[in-house]
Amino acid sequence: MLLHGFNSSLASWYERGYVEPLQRDYRLILIDARGHGSSDKPHDRAAYTWPIPMEDVVAVLDHLQIPHAHVLGYSMGGGVCFGLAKYAPTRVMSLLIGGMPAQEDSFATFAEVDGTDPEVFFTAYEAKLGVRLPPERKARMVTNDLQALAAAAQTRPSLEDVLPQMTMPCLLFAGEADPWYPSIRDNARRIPKATVVSFPGLGHAEVTRRADLVLPQVTQFLRAVMAGNV
């Protein structure tokens, strides 16, 4: 199961080269998070309150009658992985968590943003990321429902209390230039069966665009899990 980040969609896994290699060996479940892609896009903030994003993932597994799955999530999707570990641990065989620790993921910069003004939305997003958005990314973002994304931009509470209980095999990965990287290293030390992989010189937004680096780590980890070596 592949879970994308905020302001992305399941299409990103195709575009960045993950789907074709992985589907040779696995049945893939790709989900557009609520407010993203082809999923429903309510403008009511209550529709996205935590742990609803995690409950949506469990609902998909239930609908497909799948008892458990390996789950790969990046950024916002990584936060959902920690939620699954806390609230639905029997539904995951392993967790592959990229670019996100269990610590609180703050969307405080979106507190007064309703999505009706794209420039206000961009400013809030740049403040959260700590980087300037290139024009081509802004042009793509305005094709989304910014009011739905603004409603979805809610702070996820800390899930650090679940770290010692994460007994399923876990792979944590991140770019070493990602501001979250020190926290991710800290998480890895507190998870019983954690493997951590880092990518020198890469920032938060760059890692998933480097399938050439990420996929070998993902496939190696999954093979080890299947063989009972993790």
Side-chain angles (χ1 to χ4, degrees), residues 1-26 28 30-31 33 70-85 92-106 125-126 128-134 136-137 140 156 159-160 163 166 168-227 229-230:
M1 177 175 280
L2 305 181
L3 308 177
H4 63 77
F6 179 76
N7 190 42
S8 188
S9 71
L10 65 82
S12 64
W13 299 112
Y14 288 91
E15 295 167 356
R16 297 171 186 177
Y18 288 83
V19 172
E20 184 176 350
L22 288 173
Q23 68 183 2
R24 295 172 191 153
D25 298 307
Y26 302 96
L28 298 187
L30 288 85
I31 299 175
H70 302 283
V71 185
L72 165 61
Y74 193 77
S75 194
M76 180 183 76
V80 174
C81 287
F82 285 111
L84 291 169
V92 294
M93 299 168 68
S94 69
L95 292 170
L96 301 88
I97 306 172
M100 181 58 60
Q103 279 85 342
E104 177 186 88
D105 182 19
S106 175
Y125 198 30
E126 288 174 335
K128 173 175 171 53
L129 296 177
V131 298
R132 298 285 293 176
L133 295 170
E136 61 272 16
R137 190 170 181 192
R140 186 169 184 174
R156 172 184 55 75
L159 297 168
E160 290 179 79
L163 295 176
M166 293 173 64
M168 70 287 289
C170 295
L171 171 68
L172 275 60
F173 63 96
E176 293 182 8
D178 188 333
W180 281 122
Y181 178 62
S183 297
I184 291 167
R185 296 285 306 190
D186 167 75
N187 282 195
R189 288 190 289 269
R190 291 192 274 164
I191 296 173
K193 296 181 181 179
T195 301
V196 62
V197 174
S198 63
F199 303 102
L202 295 185
H204 185 82
E206 299 166 307
V207 169
T208 53
R209 291 176 170 82
R210 295 297 306 273
D212 60 316
L213 299 177
V214 176
L215 265 177
Q217 300 295 335
V218 167
T219 54
Q220 178 181 333
F221 174 78
L222 289 173
R223 286 171 186 156
V225 170
M226 300 295 281
N229 296 327
V230 177

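All values derive from a computational prediction rather than experimental measurement.
Nearest heavy atoms, Gly99 versus Tyr74: N-CE1, 3.5 Å. Nearest heavy-atom pair, Gly83 versus Leu159, reported as atom, atom and distance to 0.1 Å: N-CD1, 3.6 Å. When all heavy atoms of Ser198 and Pro200 are compared, the pair lying nearest together is O-CD, 3.7 Å. Across every non-hydrogen atom of Glu126 and Leu133, the tightest pair is OE2-N, 2.9 Å. The two atoms that bring Ala194 and Ala188 nearest to each other are CB-O, 3.6 Å, heavy atoms only. The two residues Pro101 and Arg156 make their nearest non-hydrogen contact at O-NH2, 3.1 Å.
From Glu176, atom CD reaches atom CD1 of Ile184 across 11.0 Å, with rounding to the nearest 0.5 Å. Expressed to the nearest 0.5 Å, how far CD1 of Ile97 lies from SG of Cys81 amounts to 5.0 Å. Atom OG1 in Thr219 sits 7.5 Å away from atom CG in Leu22 (nearest 0.5 Å). From Trp13, atom CH2 reaches atom CG of Leu3 across 7.5 Å, with rounding to the nearest 0.5 Å. With rounding to the nearest 0.5 Å, the separation of CE in Met226 from OH in Tyr26 is 6.0 Å. Taking CG of Leu163 as the reference point, atom CZ of Arg189 lies at 11.5 Å (rounded to 0.5 Å).
Side-chain atoms of Asp178 and Val207, non-hydrogen and from C-beta on, never get closer than 4.5 Å to each other. Contact check for Phe173 versus Leu72: side-chain heavy atoms found under the 4.5 Å cut-off. No side-chain heavy atom of Leu171 sits under 4.5 Å from any side-chain heavy atom of Ser94. Between Gln217 and Phe199, the closest side-chain pair of non-hydrogen atoms falls below 4.5 Å. Contact check for Pro169 versus Phe221: side-chain heavy atoms found under the 4.5 Å cut-off. Looking at Arg190 and Asp186, their side chains come closer than 4.5 Å, going by heavy atoms from C-beta outward.
Looking at residues two or more places apart in sequence or on another chain, you find no side chain to side chain donor-acceptor pair (under 3.5 Å) involving Lys193. In this structure, Phe82 has no ring pair (Phe, Tyr, Trp, His ring centres under 6.0 Å) partners at least two apart in sequence or on a different chain.
Surrounding CD of Glu136 are more than 12 heavy atoms belonging to other residues, nucleotides or ligands, all under 6.0 Å away.
Remark: the backbone N or O of Ser183 is paired with a side-chain donor or acceptor of Asn187 at under 3.5 angstrom. His4 places a side-chain N or O within donor-acceptor distance of the main-chain N or O of Ala33, the cut-off being under 3.5 Å. Between the Tyr18 side chain and the Val214 main chain, no donor and acceptor come within less than 3.5 Å of each other. At distances below 3.5 Å, at least one donor-acceptor pair connects side-chain atoms of Arg209 with backbone N or O atoms of Ala205.
Screening residues 5-19 for salt bridge (Lys or Arg N to Asp or Glu O under 4.0 Å), with sequence neighbours left out, gives Glu15-Arg140.
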Could you walk me through whether Val80 and Val71 pass side chain to side chain contact (heavy atoms under 4.5 Å, CB included), step by step? CA-CA 10 Å; Val80 174; Val71 185; over 6 Å; no

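Of the options Met1, His70, Met168, a side-chain contact (heavy atoms from CB on, under 4.5 Å) to Met93 is made by His70 and by none of the others.
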